[in-house]
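Shown next, in structure tokens, is the structure this report addresses.
Just so it is clear, the values below take in all heavy atoms, side chains as well, and ignore hydrogens, waters and symmetry mates.
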Amino acid sequence: MSHEDDTTPAPERLPGPVTWLDTAAVVIAGLVLFGMMSMTFLDVLGRYLLNAPLGFAFEMTEIGMAVLVFAALPSVTLRGAHVTVGLFETFFRDRLRLVRDLAWHLVIAACFAGAAWKLSTLAARFLRYGDRTSVLHLPVGWITWFGVVCLALAALASLTLAALRLRRYLSVDTSPK
């Protein structure tokens, strides 16, 4: 699904609500990244200048990384920015390219949906047992449910791209000129 060669059509404009989802995901990921960067800066200053590091910095970095990765997944999916290798791009033309793209979108959606389902069972268990982080005592279950929601949104994003790709293919005028 590389968009780098001359034969692959550029991605089309996304519908309004999908664009909003993309923007929200990027903003959340950006804010979390900025927060992690600021906290690390303050931790380093406190550690080396005042001999007083932030005691919660390690825990917040772990949580921040999880939130950052999960928050970015819907946007990465919508933008088609997953890591790809274009070894066989020249073998896929026209209808075969469409079949390949649709198959990959469905595989990606199934993987995200499966991961969301599995993570939801873990999140429910965390909430049931009342698991909390060791320093700040934040409920782990709610952080995990955030990951579930983001995985589900990424699965829906992949299905949306499949539908848009199919609609684009079907709307192309194939009559001879």
Do [X] and [Y] belong to the same hydrophobic cluster, where Ile, Leu, Val, Met, Phe, Trp and Tyr are linked whenever their side-chain heavy atoms lie under 4.5 Å apart, directly or via other members?
{"X": "Leu42", "Y": "Met36", "value": "yes"}
{"X": "Leu102", "Y": "Leu170", "value": "yes"}
{"X": "Phe126", "Y": "Met65", "value": "yes"}

inquiry  = Quick one, Arg79 and Val26 - any side-chain contact, counting heavy atoms below 4.5 Å?
reply    = yes

message = In the structure I gave you, are the side-chain heavy atoms of Leu159 and His105 within less than 4.5 Å of one another anywhere?
response = no

Closest heavy-atom pair and its distance - [X], [Y]:
{"X": "Met60", "Y": "Leu138", "result": "SD-CD1, 4.3 Å"}
{"X": "Ala57", "Y": "Met39", "result": "O-CE, 3.5 Å"}
{"X": "Val32", "Y": "Gly64", "result": "CG1-O, 3.4 Å"}
{"X": "Ala71", "Y": "Ile28", "result": "CB-CG2, 3.7 Å"}
{"X": "Ala157", "Y": "Thr77", "result": "CB-CG2, 3.9 Å"}
{"X": "Gly55", "Y": "Val135", "result": "O-CG1, 4.0 Å"}

request  = List for me each residue that meets side-chain contact (heavy atoms from CB on, under 4.5 Å) alongside Phe58, sequence neighbours excluded, and say none if there are none.
outcome  = Glu62

inquiry  = Can you see whether Arg167 engages Ser171 through a side-chain donor-acceptor pair at a distance of less than 3.5 angstrom?
reply    = no

Got a second to check how far [X]'s [atom1] is from [Y]'s [atom2], nearest 0.5 Å?
{"X": "Thr121", "Y": "Arg125", "atom1": "OG1", "atom2": "CZ", "result": "6.5 Å"}
{"X": "Leu96", "Y": "Asp101", "atom1": "CG", "atom2": "CG", "result": "10.0 Å"}
{"X": "Leu127", "Y": "Leu122", "atom1": "CG", "atom2": "CG", "result": "10.0 Å"}

Distance-only donor-acceptor pairs under 3.5 Å for side chains of residues 141-155, two or more places apart:
from: Thr144; atom 1: OG1; to: Val140; atom 2: O; distance (Å): 2.8

query = Is it true that a side-chain atom of Arg132 and a backbone atom of His137 form a donor plus acceptor pair closer than 3.5 Å?
reply = yes

Check: Glu59 side chain, Leu136 main-chain N or O, donor-acceptor pair, under 3.5 Å = yes

